[in-house]
Undergrad: 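I am attaching a structure below and will ask some questions about it afterwards.
All values below were derived from every heavy atom in this structure, side-chain atoms included, with hydrogens, water molecules and symmetry-related copies excluded. The model shown is predicted, which means the values in this text are computed figures rather than measured ones. Each chain gets a letter, A, B and so on, in the order the sequences are listed, and its residues count up from 1.
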2 protein chains.
Amino acid sequence: MKKQSVTIYTVAREARVSMATVSRVVNGNPNVKPETRKKVLEVIKELNYRPNAVARGLASKKTTTVGVVIPSVTNDYFARLALGIDDIASMYKYNMILTNSDADDGKALQVVRSMMAKQVDGIIFMGHDITPELRTEFENSTVPVVVAGSMTNDADLPTVRIDYHKATQEATKYLLDHAAKKVALVIGSKATTVNKDFRIPGYQAALKEAGQEVDDKLIFEAHDSYNEGYALAKTIQSTGVDAAFVSDDGIAAGLLNGLTDQGVKVPDDFQIITGNDTKLAEVTRPMLTTVTQPLYDIGAVAMRLLTKLMNGDQEESKEATTIEGSSVILAHGFVKRQSTK
Amino acid sequence: MKKQSVTIYTVAREARVSMATVSRVVNGNPNVKPETRKKVLEVIKELNYRPNAVARGLASKKTTTVGVVIPSVTNDYFARLALGIDDIASMYKYNMILTNSDADDGKALQVVRSMMAKQVDGIIFMGHDITPELRTEFENSTVPVVVAGSMTNDADLPTVRIDYHKATQEATKYLLDHAAKKVALVIGSKATTVNKDFRIPGYQAALKEAGQEVDDKLIFEAHDSYNEGYALAKTIQSTGVDAAFVSDDGIAAGLLNGLTDQGVKVPDDFQIITGNDTKLAEVTRPMLTTVTQPLYDIGAVAMRLLTKLMNGDQEESKEATTIEGSSVILAHGFVKRQSTK
DNA sequence: GTGAAAGCGCTAACAA
DNA sequence: TTGTTAGCGCTTTCAC
C-alpha cells in the first residue's frame with residue numbers, strides 16, 4: 001500500500017494553519033474561529049481529505065470499533081441479535097468486528113484475543129458459557145464486555161437477556177394446562193448455565209406445581225438444530241411424551257416435521273411450544289406456538305449498555321456492573337399459533 | 001483508556017535487545033539467532049506482551065482487516081455467504097468488519113467510507129447494484145473489492161456468483177416440461193442488474209424455447225420476503241398462472257403458504273421452484289424444489305480471491321481484473337422436492 | 001483562537 | 001545477526 005497522499009499535514013499546509021487546527025475542525029472542537037473553520041473545511045473538501053482512523057486510534061487510544069463474538073451468523077436467533085447490535089453501533093458511529101466462534105471455546109478465545117489486539121473499545125459476547133481462559137482474558141483487560149442473548153457461568157458479566165427460567169416455566173405450565181399429560185423439555189445441552197440453572201429448573205418448577213414428578217429422562221439434548229430435531233421425533237415418542245417445550249426453533253421445526261412425517265398429528269396427538277421466536281416458527285405448518293423474545297432489542301440494548309460502559313470511567317463502570325449488576329432482563333411474550341391446543 | 005503498559009519497548013529492554021529484534025521474532029522473521037529468539041519469547045510470555053495491531057497497522061499500512069457489506073445479516077442467503085467469508089478470513093488471519101447496508105444505497109456508501117477510513121485491506125460487497133458515488137469511491141481507492149453472491153451494474157468488479165441466467169432458464173424449462181401451462185417469474189426488483197440482465201432474459205429464453213409468448217405481466221416483484229410472498233398468492237392466481245420460479249426462498253415460502261391457505265394444492269394445482277437454496281426450503285410442507293447454490297463456497301471463494309488481490313501488486317491486480325475479468329462462476333444445481341410434479 | 005512539539009506502538013530501511 | 005533511526009497520521013498538552 002502506498003503512503004497516504006493527503007494527510008492532515010497536507011490540509012494544514014494548504015489552509016495555512018497548523019495540524020492542530022485541522023484536527024480541531026475535523027473533530028468538531030468549538031475553539032476555532034468560524035472563518036478559520038470555513039477555510040479548513042474548504043481545503044478538506046477540495047483535497048478530498050479523509051482522516052485515517054488507524055492513526056487516530058493510535059493517538060487517541062480509541063478505535064470506535066467493537067468486537068462481536070457470535071456462535072453462528074447463520075442461526076437466525078443470533079443474526080437478529082447481531083442486527084440490533086449493528087444498528088445501534090452504526091448510530092453511535094462504531095464499527096463492528098464480527099467473528100463466528102462456531103460455538104467452539106478454543107476459537108472463541110482466539111477470536112477475543114484477536115479483537116483485543118485490534119484494540120476494540122468493547123466486546124459483545126454471544127454464547128452460553130465462558131472458559132476459565134476466556135474469563136481471565138476478560139478480567140485482565142480494561143475493555144468492557146457485555147453478554148447478549150444468553151446467560152453464562154460468569155454472573156459478574158453484564159448481561160442482556162430474557163428471564164429464561166420464567167419463560168420455560170410458563171411454557172411448560174401452558175402445556176400442562178392444555179391437556180398435556182407428559183411434557184418433555186428439549187434443549188441444547190444440559191451442561192450450559194442457561195439450561196442448567198434456568199431452563200431446567202423452570203421446567204421442573206412447573207411440573208412440581210402441577211403435582212407431577214420430574215423425570216430427567218424427559219429432558220432431551222439436541223445440538224445440530226433441524227436434523228437432530230427431526231431425528232428426535234422417533235426417540236421422543238417412545239417415551240410416551242405428548243408435548244414438548246423446545247428451546248430452539250430449528251430443533252422444534254425438525255421435531256414437528258419429523259412427527260408429522262410419522263403420522264403424528266400436531267397438536268392433536270402432540271403439542272409443541274418453541275422458544276426462540278425465529279421466522280422459522282411461522283413458516284412451518286402447523287405454525288409453531290412460541291415464547292416470543294425481543295431479539296432485536298436484546299442486541300440493541302446490549303450495544304447501548306456497552307457504549308455506556310465504554311464512555312464511563314472504566315473502573316467505575318466495572319464496579320457498578322459487578323456490584324449492582326448492570327444486567328438487563330427484557331420482557332418475553334407468548335404467541336399461540338397452531339402447534340398447541 | 002490508559003497507556004498500554006507493556007509494549008515492544010518494554011520487551012526489548014527486559015530481553016536486552018533492540019525493538020527491531022523483538023519485532024522480528026514477533027513477526028517470525030528468520031534472521032534471528034535461535035537463542036536470541038528464545039530469550040525474547042520468554043520475556044514476551046513472562047510479560048504477557050500482546051502486539052498492538054493498531055500501531056502495527058499504522059506503521060505497516062496493513063490492517064489485516066477486511067470490510068464486508070451485507071444487505072441484511074438476518075437473511076439466511078447472505079448469512080451463509082458471510083459464514084464462508086468469515087471462515088476463510090479467519091484462516092488467513094484477517095478480521096472482518098461486517099456492516100448491514102439494509103439494502104440502502106446511501107447507507108452502503110457511508111458504510112464503505114467508514115471502512116476505508118479504518119484502512120481495511122479489502123472489501124467484499126454483497127448487494128445487487130452500485131450507485132455512481134459508490135463506484136467512484138471504489139475507483140478512487142487502491143483497496144480491492146470483490147462482489148459476492150450477485151451481479152452488479154459494474155461489470156469491471158471481480159464477482160463470485162452462479163450463472164443466474166442459466167439457472168433461471170433451466171428452472172423455467174423444468175416447469176414447462178412438467179405440465180406447467182403458464183409460468184410466472186417472481187423476483188425482487190425488475191430494475192436490478194441481476195434480474196434485468198440475467199434472470200428475466202433467462203426466463204424469457206425458456207419461454208421462447210418452448211414456443212410461448214413472453215408476457216411482462218407474469219413477472220412479479222416482491223421485496224419484503226415472506227409476507228409479500230404470502231400476499232402475492234392472491235394476485236398471482238388471478239392471472240391464471242399455474243407455476244412460478246421464485247428467486248428468493250422467503251418469498252417462495254410465503255407464496256406457498258399463501259396458496260395452501262387458500263386451498264390451492266401445491267404441486268397439483270400450482271408448482272413452485274425456488275432459487276436461494278436456503279434452509280427455509282426444507283422446512284415448508286410441501287418442501288420446495290430448489291435451484292441449489294454453493295452459498296458457503298461463494299463466500300469462501302470471494303474471500304480467497306480478495307486475499308489474492310490484496311497480496312498481489314495492486315495495480316497489476318486491478319489490471320488483470322478489468323481485462324481478463326477475474327470473476328468466478330460456480331456451478332449451481334437442482335434438487336427436486338415436493339413443490340413440483 | 002492557534003501553533004509547536006511530543007508522543008501513540010510499531011515497522012522498515014539502512015548500517016554495522 | 002542485530003541495532004539505530006525515521007517515520008506512519010493523528011491527538012493532545014502546553015504555550016502563546
Undergrad: Mind checking whether B:Leu157 and B:Val146 have side chains closer than 4.5 Å, heavy atoms only?
TA: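 They are not in side-chain contact.
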Undergrad: May I ask you to say what B:Val17 touches in the nucleic acid, namely base, sugar-phosphate or nothing, with a heavy-atom cut-off under 4.0 Å?
TA: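 Sugar-phosphate, no base atom in range.
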Undergrad: Looking at every heavy atom in both A:Phe125 and A:Val145, which two are closest together, and how far apart are they?
TA: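 Taking A:Phe125 first and A:Val145 second, the nearest heavy atoms are CB-CG1, 4.3 Å.
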Undergrad: Can you tell me the distance, in whole Å, between the CD1 atom of A:Ile44 and the P atom of D:dG9?
TA: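 These atoms are roughly 16 Å apart.
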Undergrad: Between atom CZ in A:Arg37 and atom P in C:dG1, what is the gap in whole Å?
TA: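 Checked: the CZ to P distance equals 10 Å.
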Undergrad: Could you give the CG-to-P distance, from A:Asn31 to D:dT13, as a whole number of Å?
TA: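 So the two atoms are 13 Å apart, to the nearest Å.
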Undergrad: Among the candidates D:dC8, D:dG3, C:dG1, find the nucleotide nearest to the side-chain atoms of B:Leu58.
TA: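 Closest nucleotide to the B:Leu58 side chain: D:dC8.
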Undergrad: Any side-chain N or O of A:Lys61 under 4.0 Å from OP1/OP2 of C:dG9?
TA: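 Result: yes.
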Undergrad: Could you give the NZ-to-C1' distance, from B:Lys118 to D:dC10, as a whole number of Å?
TA: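 About 15 Å, once rounded to whole Å.
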Undergrad: With sequence neighbours excluded, tell me which residues meet salt bridge (Lys or Arg N to Asp or Glu O under 4.0 Å) with B:Arg50.
TA: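 Applying salt bridge (Lys or Arg N to Asp or Glu O under 4.0 Å) to B:Arg50 gives A:Glu137.
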Undergrad: Does D:dT2 have OP1 or OP2 under 4.0 Å away from a side-chain N or O of B:Ser18?
TA: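 Result: no.
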Undergrad: Working note: A:Lys38 + A:Glu42, criterion salt bridge (charged side-chain N to carboxylate O under 4.0 Å, His left out); need CA distance, chi angles, decisive distance, verdict.
TA: CA-CA 6 Å; A:Lys38 184 158 169 288; A:Glu42 276 172 18; 3.3 Å; yes
Undergrad: If the sugar-phosphate is the primed atoms plus P, OP1 and OP2 and the base is the rest, what is the B/S/- string for nucleotides 10-16 of chain C, using protein heavy atoms under 4.0 Å?
TA: BBB----
Undergrad: Please find the pair of heavy atoms, one from B:Val66 and one from B:Val120, that lie closest to each other, and give the distance.
TA: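 Residues B:Val66 and B:Val120, closest heavy atoms: C-CG1, 4.0 Å.
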Undergrad: Run the salt bridge (charged side-chain N to carboxylate O under 4.0 Å, His left out) check on B:Lys107 and B:Asp102 step by step: do they pass?
TA: CA-CA 7 Å; B:Lys107 181 143 192 227; B:Asp102 303 335; 3.8 Å; yes
